[in-house]
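Scroll down for the structure; my scribbles are underneath it.
Worth knowing before you read on, the calculation uses all heavy atoms, side chains too, and leaves out hydrogens, waters and symmetry mates. Since we're looking at a predicted model, the values are computed, not measured.
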Amino acid sequence: WAAMLDAPALGLTREHQQRWQRTADAARRVAEAQRRLQCLWSDALRDAATAFAARVAASGIAIPSIGATSVATLRSLYDSWIDCAEEAYAGTAHSDSFCNALADFVNAGSQWRREFAASVEQWSKLMDLPTRSELNSLTLRLKSAEEQLRAERQQHELRDAASKPRPTPRASRTRRAKRSPKS
């Protein structure tokens with residue numbers, strides 16, 4: 001892989017080769033960062049196990065055989081293990097090495113995704129398939145047309161409502177009692 005990554009990009013496929021080299025380099029960096037994270041998680045687990053063993057030994061709790069354990073003893077051991085694991089993970093998660101490894105992992109993963117998406121887009125164009133950018137563009141145009149149609153429909157409904165004659169109030173439509181002429 002190293003020879004392929006360092007090979008000069010020449011000829012008609014130069015852009016493709018450069019893109020694949022960038023993708024492969026990002027994948028390599030993702031793998032390295034993931035290995036560093038796994039080592040840190042392994043160290044945290046080892047620290048938790050060491051702290052748990054020390055805590056159990058200091059408390060004098062004898063770990064009984066499976067058939068003779070009480071629920072309270074098991075719950076106490078479980079709670080002790082969880083406390084040790086949380087403390088070890090908190091120590092690891094707040095360290096600079098963990099933050100750097102996680103940042104490298106996320107950054108390399110983002111670059112790998114961008115490069116891979118660019119490669120898929122390029123190959124889709126070459127194979128005369130719709131690309132992601134074309135689909136996104138069509139989606140935006142369709143949403144814009146729908147919004148415009150909705151706005152025009154609302155304006156039309158408002159114009160129709162304004163042009164309709166308004167009904168007269170109910171009080172004016174009631175018949176007035178006829179007065180008889182006075183004699």
Side-chain angles (χ1 to χ4, degrees), residues 1-53 77-163:
W1 283 101
M4 187 175 109
L5 290 177
D6 293 335
L10 302 171
L12 296 174
T13 61
R14 179 174 52 92
E15 290 85 9
H16 298 292
Q17 183 180 352
Q18 289 172 338
R19 189 173 28 259
W20 281 108
Q21 285 174 336
R22 289 190 305 265
T23 304
D25 182 53
R28 180 192 51 79
R29 290 186 307 124
V30 166
E32 286 176 5
Q34 186 175 17
R35 275 192 295 279
R36 285 188 297 160
L37 284 172
Q38 287 172 340
C39 287
L40 291 167
W41 289 325
S42 177
D43 292 345
L45 186 58
R46 186 190 62 243
D47 293 345
T50 303
F52 177 67
L77 288 172
Y78 178 76
D79 290 342
S80 180
W81 164 248
I82 293 298
D83 291 341
C84 291
E86 285 179 349
E87 290 169 9
Y89 178 74
T92 300
H94 291 98
S95 68
D96 288 338
S97 59
F98 183 82
C99 292
N100 291 334
L102 187 59
D104 291 344
F105 179 75
V106 170
N107 290 337
S110 296
Q111 182 185 2
W112 178 85
R113 185 181 181 280
R114 267 193 317 273
E115 295 297 336
F116 191 75
S119 294
V120 169
E121 181 115 357
Q122 181 64 32
W123 284 103
S124 295
K125 285 179 184 178
L126 291 173
M127 298 177 80
D128 199 25
L129 296 172
T131 64
R132 181 64 158 191
S133 59
E134 291 171 342
L135 291 176
N136 289 344
S137 174
L138 286 173
T139 302
L140 290 175
R141 289 174 54 192
L142 181 61
K143 284 182 181 180
S144 174
E146 286 174 345
E147 289 173 4
Q148 185 179 4
L149 182 62
R150 191 176 300 117
E152 289 175 4
R153 189 175 292 151
Q154 286 176 348
Q155 287 177 354
H156 183 68
E157 288 173 358
L158 289 174
R159 266 187 270 124
D160 285 350
S163 65

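When all heavy atoms of P130 and S124 are compared, the closest pair comes out as O-CB, 4.4 Å. Of all non-hydrogen atoms in C99 and A93, the two that sit nearest each other are SG-O, 4.0 Å. Taking both residues in full, the closest heavy atoms of L37 and L102 are given as CD2-N, 3.9 Å, listed atom of the first, atom of the second, then distance. Closest approach of A51 and C84 over heavy atoms only: C-SG, 3.8 Å. The two atoms that bring L45 and W81 nearest to each other are CD1-CH2, 3.9 Å, heavy atoms only.
Put simply, CG on L40 and OH on Y89 are 10.5 Å apart, with the number rounded to the nearest 0.5 Å. Distance check: Q111 CD to N107 CG gives 9.0 Å after rounding to the nearest 0.5 Å. In this structure, OG on S119 lies 12.5 Å from CZ on R114, to the nearest 0.5 angstrom. Taken to the nearest 0.5 Å, the CG atom of L142 stands 10.0 Å off from the CD atom of E147. Remark: E134 CD to E121 CD distance equals 7.0 Å, nearest 0.5 Å. To the nearest 0.5 angstrom, K143 atom NZ is 11.0 Å from R150 atom CZ.
Side-chain contact between R141 and L138 is present, with at least one heavy-atom pair separated by less than 4.5 Å. You'll find the side chain of D160 reaches within 4.5 Å of the side chain of H156, heavy atoms only. Using a 4.5 Å heavy-atom cutoff, the side chains of L126 and Q122 are in contact. With a 4.5 Å cut-off on side-chain heavy atoms, L77 and F52 count as touching.
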| message | One pair to check against salt bridge (charged side-chain N to carboxylate O under 4.0 Å, His left out): R153 and E157. What are the steps and the verdict? | response | CA-CA 6 Å; R153 189 175 292 151; E157 288 173 358; 5.5 Å; no

| task | Please report the C-alpha distance between R22 and D25 in whole Å, then the side-chain angles of each, then the deciding distance to 0.1 Å, and finally whether the salt bridge (charged side-chain N to carboxylate O under 4.0 Å, His left out) criterion is met. | result | CA-CA 5 Å; R22 289 190 305 265; D25 182 53; over 6 Å; no

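A salt bridge (charged side-chain N to carboxylate O under 4.0 Å, His left out) with D104 is found for exactly one of R35, R29, R36, namely R36.
Between the side chain of S42 and the backbone N or O of Q38 there is no donor-acceptor pair closer than 3.5 Å. Counting only distance, with no hydrogens or angles, the side chain of S144 and the backbone of L140 share no donor-acceptor pair below 3.5 Å.
Ion pairing between a basic and an acidic side chain is recognised when a charged N comes within 4.0 Å of a carboxylate O; E15 and R19 show no such pairing.
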